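Bear in mind that the values here come from a model prediction, so they are computed numbers and not experimental data. Residue numbering restarts at 1 for every chain, and letters A, B, ... go by the order of the sequence lines.
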There are 2 protein chains.
Amino acid sequence: MEQTINILKKHGISPSYQRVKIFGYLMETKTHPTAYDIFAKFKSEIPSLSKTTVYNVLSALKEKNLVNEVHIEGHETRFDAEMRQHGHFKCSVCGQVSDLFLTQDLNQILSQKLVIQDIQFNVTGICNQCLTLQNNN
Amino acid sequence: MEQTINILKKHGISPSYQRVKIFGYLMETKTHPTAYDIFAKFKSEIPSLSKTTVYNVLSALKEKNLVNEVHIEGHETRFDAEMRQHGHFKCSVCGQVSDLFLTQDLNQILSQKLVIQDIQFNVTGICNQCLTLQNNN
DNA sequence: TACAATTTTATAATGATTACAAATTTAGAA
DNA sequence: TTCTAAATTTGTAATCATTATAAAATTGTA
Ligand SMILES: [Mn+2]
Ligand SMILES: [Mn+2]
Ligand SMILES: [Zn+2]
Ligand SMILES: [Zn+2]
């Protein structure tokens with residue numbers, strides 16, 4: 001909470017109630033929620049909350065490089081406060097999205113030399129939990 | 001043309017005029033067009049063409065694994081008939097999307113063992129053409 | 001307190017995609 | 001060839017995510 005506020009301040013974002021809530025949530029969760037997920041999560045706690053505010057806050061955070069967007073499938077844009085270089089694994093059974101790191105830098109195995117600003121990668125498959133469930137049936 | 005028709009037939013898709021045109025285009029282009037790009041490209045040649053048909057054809061092709069969707073940024077879904085495992089490079093200056101291959105299999109450098117169905121990766125940066133233009137100014 | 005700037009909110013607009021049902025085309029039986 | 005059923009295409013309307021806009025509420029400061 002205090003920590004969340006400090007990070008926002010340090011990046012020139014004044015820590016309004018909504019911003020602290022949303023950014024705090026993104027810092028602590030690993031679920032890669034969509035804008036709508038975030039809206040739904042806080043709607044009861046902050047009844048006045050507007051979907052527009054969620055989008056506004058997310059776009060401010062993105063602007064200041066405090067969150068990244070994750071694009072796995074068409075439509076759905078997810079948000080992530082984990083800013084280390086990493087990719088994502090989406091389970092095609094349960095739909096969960098988790099972080100995925102590489103044992104080697106992707107930069108180094110690209111077939112072309114290019115000026116690179118960002119790398120994202122997404123893997124689809126079956127998570128270990130769903131796999132276990134499948135095997136026990 | 002004959003080739004395009006054969007591939008469609010082999011995959012159980014009857015080669016209607018629209019399907020041959022759209023799939024043929026996807027086979028020959030490397031631009032990774034959106035549904036709308038495809039619609040715009042053929043609208044004058046096939047005046048009756050409907051956007052719905054473009055979506056129908058694309059979803060049939062996807063179903064039969066003749067094309068893949070490419071998701072780089074939110075909104076835009078692009079289509080690709082290159083079915084070899086590869087990733088994409090999007091130039092942040094000119095917006096072009098090109099294929100990108102790796103010198104090593106991504107599978108092998110994932111930090112976790114997982115059942116994998118699909119891998120996609122997207123790199124953003126500055127293409128060599130835009131880089132040259134920049135340096136000459 | 002008073003006032004300007006910032007932030008939030010509700011509502012409307014936009015753009016991509018899907019749903020739906022009518023119109024057209026195609027393929028095969030008679 | 002003609003007829004008919006199935007497949008395909010088409011136009012329109014609906015839906016969903018996101019952005020635009022302007023009014024309302026909040027905040028910081030004189
Ligand atoms: Mn992540
Ligand atoms: Mn490609
Ligand atoms: Zn799972
Ligand atoms: Zn470029």
Boundaries of the chain B footprint along DNA chain D (any atom under 4.0 Å from a heavy atom)
D:dT8 to D:dT12

How close or far is atom P of C:dT9 from atom NZ of A:K51, stated in whole angstroms?
14 Å

Would you say that more than 12 heavy atoms from the other residues, nucleotides or ligands in this model lie under 6.0 Å from the OH of B:Y36, or not?
no

Expressed in angstrom and rounded to an integer, what is the separation of A:H75 atom NE2 from C:dT18 atom P?
8 Å

Test side chain to side chain donor-acceptor pair (under 3.5 Å) on A:R19 and A:S14 and set out the steps.
CA-CA 8 Å; A:R19 304 212 264 226; A:S14 59; 3.1 Å; yes

Measure the shortest side-chain to side-chain distance between B:I116 and A:I126 over non-hydrogen atoms and say whether it is less than 4.5 angstrom.
no

Would you indicate whether A:M83, at its atom CE, is surrounded by more than 12 heavy atoms from other residues, nucleotides or ligands within a distance under 6.0 Å?
yes

For C:dA16 and B:T77 - does any side-chain N or O of the residue sit under 4.0 Å from the phosphate oxygens OP1/OP2?
no

Within this structure, what is the NZ-to-P distance between A:K43 and C:dT8, rounded to whole angstrom?
14 Å

Rounded interatomic separation in angstrom, taking CG from B:L58 and P from C:dT17
9 Å

Short side-chain N/O contact from B:S14 to OP1 or OP2 of C:dT26, under 4.0 Å
no

Aromatic ring proximity A:F39/A:Y55, centre distance under 6.0 Å:
no

Looking only at side-chain N and O atoms, does A:T52 come under 4.0 Å of OP1 or OP2 in C:dT8?
no

What is the distance, rounded to the nearest whole Å, between atom CD of A:E76 and atom C1' of C:dT18?
17 Å

Could you state the atom-to-atom distance from CD1 of A:I22 to P of C:dT7 in whole Å?
14 Å

Think B:Y55 has a side-chain N or O under 4.0 angstrom from the OP1 or OP2 of C:dT17?
yes

Just to be sure I understand the rule, does B:S48 reach a base, reach only the sugar-phosphate, or reach nothing, if contact means heavy atoms closer than 4.0 Å?
sugar-phosphate

How long is the span from the CD atom in B:Q85 to the CD atom in B:Q120, to the nearest 0.5 Å?
8.5 Å

Output the rounded distance in Å from CD (A:E63) to C1' (C:dT6).
16 Å

Would you mind classifying the nucleic acid contact of B:S16 as base, sugar-phosphate or nothing, using non-hydrogen atoms under 4.0 angstrom?
sugar-phosphate

Closest-nucleotide 5' rank along DNA chain C - winner of A:R19 and B:Y36:
A:R19

What is the distance, rounded to the nearest whole Å, between atom CD of B:Q18 and atom P of C:dA23?
18 Å

Could you check whether the rings of B:H86 and B:H32 sit parallel, tilted or perpendicular, using 30° and 60° as the cut-offs?
tilted

